[in-house]
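So that the names make sense, note that chain A is the first sequence line, chain B the second, and so on, each numbered from 1.
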Number of protein chains: 2
Amino acid sequence: MVRKHSAADQPLRLDNQICFAVYSAAHAFNRVYKPLLDRLGLTYPQYLVMLVLWEQDDVPVKDIGEKLFLDSGTLTPLLKRLEAAHLVRRTRSSEDERQVLIALTAQGHALKDKARSVPQSILAASDCSVSELVGMKNEIVALRDRLNAVIGE
Amino acid sequence: MVRKHSAADQPLRLDNQICFAVYSAAHAFNRVYKPLLDRLGLTYPQYLVMLVLWEQDDVPVKDIGEKLFLDSGTLTPLLKRLEAAHLVRRTRSSEDERQVLIALTAQGHALKDKARSVPQSILAASDCSVSELVGMKNEIVALRDRLNAVIGE
DNA sequence: GCACATTCAATTGCGAACAATTAAATGTGA
DNA sequence: TCACATTTAATTGTTCGCAATTGAATGTGC
């Protein structure tokens, strides 16, 4: 009997992999965000950095990295582009000159108002109730945190 | 009364965004996969392409792109790297010379056996039951498909 | 005070990811 | 048949994402 797909192959099937579900959902989100963020002049990772700064201004690069799980190799050039767009300022901390503090400019602050409609548009595109989304979000965050815990070992 | 964080700011809070949960979970998966895939000489996107080919060999670039939601701008250089690693062959279809067919080499086929332990390791890192993961996966896939449906409009 | 380790950002190099364009092959309608 | 549109990969340019390294600033143990 010829079996093209044996039972042992099931774990390797693309459709069975949660990682691919997450990977492809991240790209789908990115494609939905693109036209919305184009109007703000931001990419999605830049938008995430702005979300951090709109919550807390004048923070070290390291803090942004810890919140977004990104390192300086990603953030340094990204922050330079935000600086070139006059949305943030980069200044060395006087207390600890190793740190670079990121602060919003007036333009950076002002952009927050234009960004308020974004989450609403994403919610609409999700075609899903808020409570369902909150439930999924909590599950995914819990999974992410368990994965990150393994990496630190 | 000075309110640093108004109720109107809640939708813009990083921790409230499912997209960031998905985005950061995707990166967490990637970091867990990295040491496992290093032993196979693959990156995560290359691994996804190999998963497709292990299910169905000798497929056009376009079919791989549709399954993985990737375009030729991403796949062409990736497939050239897999070809340089002697895992796949790229040949023009004789029936339709616009198509490039991707076929596994003997090495590419053989790598499947070495890859069988990967899903098990990921499951362990997830620290989660299979049924929970399947449930989450189905929810995420449904969300992804709704997002992709919006893009097509 | 001084060697030493640690912290932090920047840099380099490589591999995605995608928009936009190009070019060749194929399909279609008059 | 022949003009025209469509399909398919490849290419170019920009932006992430991360590993590895560098260099300056800071902390520490003796």
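At a threshold of 4.0 Å, the pair A/K67-A/D63 does not count as salt-bridged, since none of the basic side-chain nitrogens sits closer than that to a carboxylate oxygen.
Here D/dT15 presents its C1' atom at 19 Å from OH of A/Y47, a figure rounded to the nearest Å. For the pair A/L37 CG and C/dC18 C1', the interatomic distance rounds to 15 Å; values are reported in whole Å. Atoms CZ (B/R90) and C1' (D/dA9) sit 9 Å apart, rounded to a whole Å. C/dA16 atom C1' lies 13 Å from atom OH of B/Y23, rounded to whole Å. The separation between A/L78 atom CG and D/dG17 atom C1' is 11 Å, rounded to whole Å. In this structure, the CG atom of A/L70 is 16 Å from the P atom of C/dC8, given to the nearest Å. Atom OH in A/Y33 sits about 16 Å away from atom P in C/dC18, given to the nearest Å. Distance CZ (A/R31) to P (C/dA19): 8 Å, rounded to an integer number of Å.
Here A/L75 lies out of heavy-atom contact (under 4.0 Å) with every strand. In this structure, A/P77 reaches neither bases nor backbone, as no heavy-atom distance under 4.0 Å exists between it and the strands shown.
Applying a 4.0 Å cut-off to non-hydrogen atoms, the residues of residues 79-89 of chain B that approach DNA chain D are B/K80, listed by residue number. Within residues 93-102 of chain A, the residues having any heavy atom closer than 4.0 Å to DNA chain D are, in order of number, A/E95, A/D96, A/E97, A/R98.
The minimum heavy-atom distance linking B/I18 with B/L143 is given by the pair CD1-CD2, 4.0 Å.
Inter-residue side-chain proximity for A/F20 and B/Y44 is flagged as met; some heavy-atom pair is nearer than 4.5 Å. B/S93 has its side chain out of reach of B/V100: every pair of non-hydrogen atoms, C-beta onward, lies at least 4.5 Å apart. The shortest distance between side-chain heavy atoms of A/Y23 and B/N30 does not fall below 4.5 Å. Between B/V118 and B/Y33 the shortest side-chain heavy-atom distance falls below 4.5 Å.
B/T43 has a side-chain polar atom (N or O) that falls below the 4.0 Å cut-off from OP1 or OP2 of C/dA16. Within the 4.0 Å cut-off from OP1 or OP2 of D/dT8, not a single side-chain nitrogen or oxygen of B/R92 is found.
Checked by atom type, the side-chain pair B/R144/A/S24 shows a donor-acceptor distance below 3.5 Å. When only modelled atom types and interatomic distance are considered, B/S117 and B/Q120 share no side-chain donor-acceptor pair under 3.5 Å.
Connection of A/L123 to A/L36 is established within a shared hydrophobic cluster, with ILVMFWY side chains joined at heavy-atom distances below 4.5 Å, either directly or through further cluster members.
Across the interface with DNA chain C, nearest-nucleotide mapping of A/D63 and B/Q46 shows A/D63 to be the residue nearer the 5′ end.
No hydrogens or angles were tested; on distance alone, nothing pairs the side chain of B/T76 with the base of D/dA9 as donor and acceptor under 3.5 Å. The base of D/dA10 lies close enough to the side chain of B/S72 for a donor and an acceptor atom to sit less than 3.5 Å apart.
Each of D/dA9, C/dA9, D/dG17 was ranked by its minimum atom distance to the side chain of A/V61; first place goes to C/dA9.
Pairs engaging residues 76-85 of chain B under the salt bridge (charged side-chain N to carboxylate O under 4.0 Å, His left out) rule: B/E83-B/R90 [sequence neighbours left out].
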